[in-house]
Amino acid sequence: MAKGKKQDDGIEILEDPNAIVEKANEFFSSKRNKAMVFGIGGVIALLIVSFAGYNYYITNQNQTAQEEIFQAQFYFDADSLGLALNGDGNSYGFLEIMDEFPGTKAANLASFYAGASYLKLGDFDGAIRYLKEFSSDDYLLQGRAYSLIGDAYMEMDDFTNAISYYKQAVDYKENESFTPIYLKKLAIAQEQNGDLAAAASTYGMIISDYPAASEIHDAKKQKARLEALAQ
């Protein structure tokens with residue numbers, strides 16, 4: 001009977017709002033429970049304040065970093081890659097921006113530029129390292145980053161990894177402007193890796209999917225050449 005009574009009380013609590021209030025009052029009347037509730041409330045309040053403070057800090061850091069990266073981008077465009085990477089003593093370079101402003105959008109963008117700079121300088125390991133640190137949902141920059149990583153692996157004669165990253169570039173937000181370029185790079189890597197059939201098929205994708213691309217004529221020529229070699 002005791003067990004049945006307990007079950008009835010539970011049903012009463014679920015159905016009767018006054019019973020819920022009564023049970024809540026009983027809970028809060030305990031000093032121990034009050035301390036626990038206030039403790040939890042204090043932790044939540046601290047988390048909220050910390051989150052707001054972090055957002056304020058990151059916003060300020062982002063603004064400052066965006067201002068700092070401008071000069072490094074200017075040096076990059078001028079092919080002054082040493083200054084672009086390391087700064088000029090007055091303005092930060094890409095490497096310093098990553099160190100001084102971690103977690104900001106500018107630091108993320110600086111990793112892209114640093115990777116591209118190292119690729120131009122022939123430091124392919126450095127290029128791969130920094131380009132892999134970059135992440136964006138921008139169809140141009142992220143696809144370009146994958147393609148540049150593929151370029152670095154191609155320079156190292158690592159055709160397997162080059163193919164992998166060119167495929168990522170191809171598959172990332174396909175578009176008329178850049179996907180045909182990435183497909184052509186993929187086909188070249190596949191041919192260098194000895195897979196003539198795959199290379200011919202990739203050129204075929206340019207022909208069938210991007211007939212208005214500037215790569216179309218070369219794709220037709222290369223596809224015919226590879227199919228002849230495969231016979």
Side-chain angles (χ1 to χ4, degrees), residues 69 72-73 76-77 79 81 84-85 94-95 98 104-231:
I69 200 173
Q73 289 173 315
F76 178 85
D77 291 337
D79 277 335
L81 301 178
L85 285 168
F94 296 127
L95 299 180
M98 285 185 282
T104 63
K105 293 179 180 179
N108 183 47
L109 184 60
S111 67
F112 173 88
Y113 276 106
S117 297
Y118 279 120
L119 183 60
K120 287 185 176 184
L121 290 169
D123 183 347
F124 306 122
D125 287 324
I128 291 167
R129 172 190 169 188
Y130 287 109
L131 287 167
K132 283 185 176 181
E133 290 180 3
F134 173 75
S135 178
S136 173
D137 58 3
D138 181 274
Y139 83 96
L140 171 59
L141 287 178
Q142 187 60 70
R144 179 67 172 159
Y146 290 142
S147 177
L148 291 177
I149 295 172
D151 292 347
Y153 279 121
M154 282 291 286
E155 293 290 346
M156 300 167 70
D157 293 333
D158 185 346
F159 304 123
T160 299
N161 273 314
I163 289 168
S164 174
Y165 278 93
Y166 287 146
K167 283 182 176 179
Q168 290 185 63
V170 167
D171 293 338
Y172 188 81
K173 298 184 180 181
E174 297 179 24
N175 60 89
E176 298 284 340
S177 299
F178 300 101
T179 303
I181 298 172
Y182 303 148
L183 282 167
K184 183 176 180 178
K185 289 186 175 186
L186 173 59
I188 293 170
Q190 289 168 329
E191 181 177 359
Q192 290 293 311
N193 203 40
D195 194 343
L196 303 187
S201 176
T202 299
Y203 282 122
M205 291 175 64
I206 298 175
I207 297 166
S208 61
D209 297 347
Y210 303 96
S214 60
E215 293 78 15
I216 191 72
H217 298 296
D218 187 59
K220 290 178 179 179
K221 181 176 69 174
Q222 298 300 331
K223 183 174 183 291
R225 177 181 62 84
L226 289 169
E227 288 174 340
L229 288 173
Q231 290 178 354

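Just so you know, these numbers come straight off a predicted model, no measurement behind them.
Between atom CE of residue M156 and atom CZ of residue F124 there is a gap of 8.5 Å, rounded to the nearest 0.5 Å.
Counting heavy atoms from C-beta on, the side chains of Q192 and D157 never come closer than 4.5 Å. With contacts defined as side-chain heavy-atom distances shorter than 4.5 Å, the pair F112/L148 qualifies. K167 places a side-chain heavy atom less than 4.5 Å from the side chain of Q190. Between D218 and E215 the shortest side-chain heavy-atom distance does not fall below 4.5 Å. Inter-residue side-chain proximity for Y146 and Y165 is flagged as met; some heavy-atom pair is nearer than 4.5 Å. For the pair T202/V170, no side-chain contact is recorded, criterion being any heavy-atom separation below 4.5 Å from C-beta on. Side-chain contact between Y166 and I188: absent, with no pair of heavy atoms (C-beta onward) separated by less than 4.5 Å. Counting only heavy atoms from C-beta outward, the side chains of Y139 and E174 never approach each other to under 4.5 Å.
Panel note: side chain D138, backbone L140; a donor-acceptor pair is recorded below 3.5 Å. Looking at Q142, its side chain does come within 3.5 Å of a backbone N or O of S136 through a donor-acceptor pair.
Aromatic ring pairs are classed by plane angle as parallel below 30°, tilted from 30° to 60° and perpendicular above 60°; the pair Y113 and F76 is perpendicular.
With respect to D79 and K120, a salt bridge is recorded, a charged nitrogen being found less than 4.0 Å from a carboxylate O.
The two residues Y210 and N175 make their nearest non-hydrogen contact at CE2-O, 3.7 Å.
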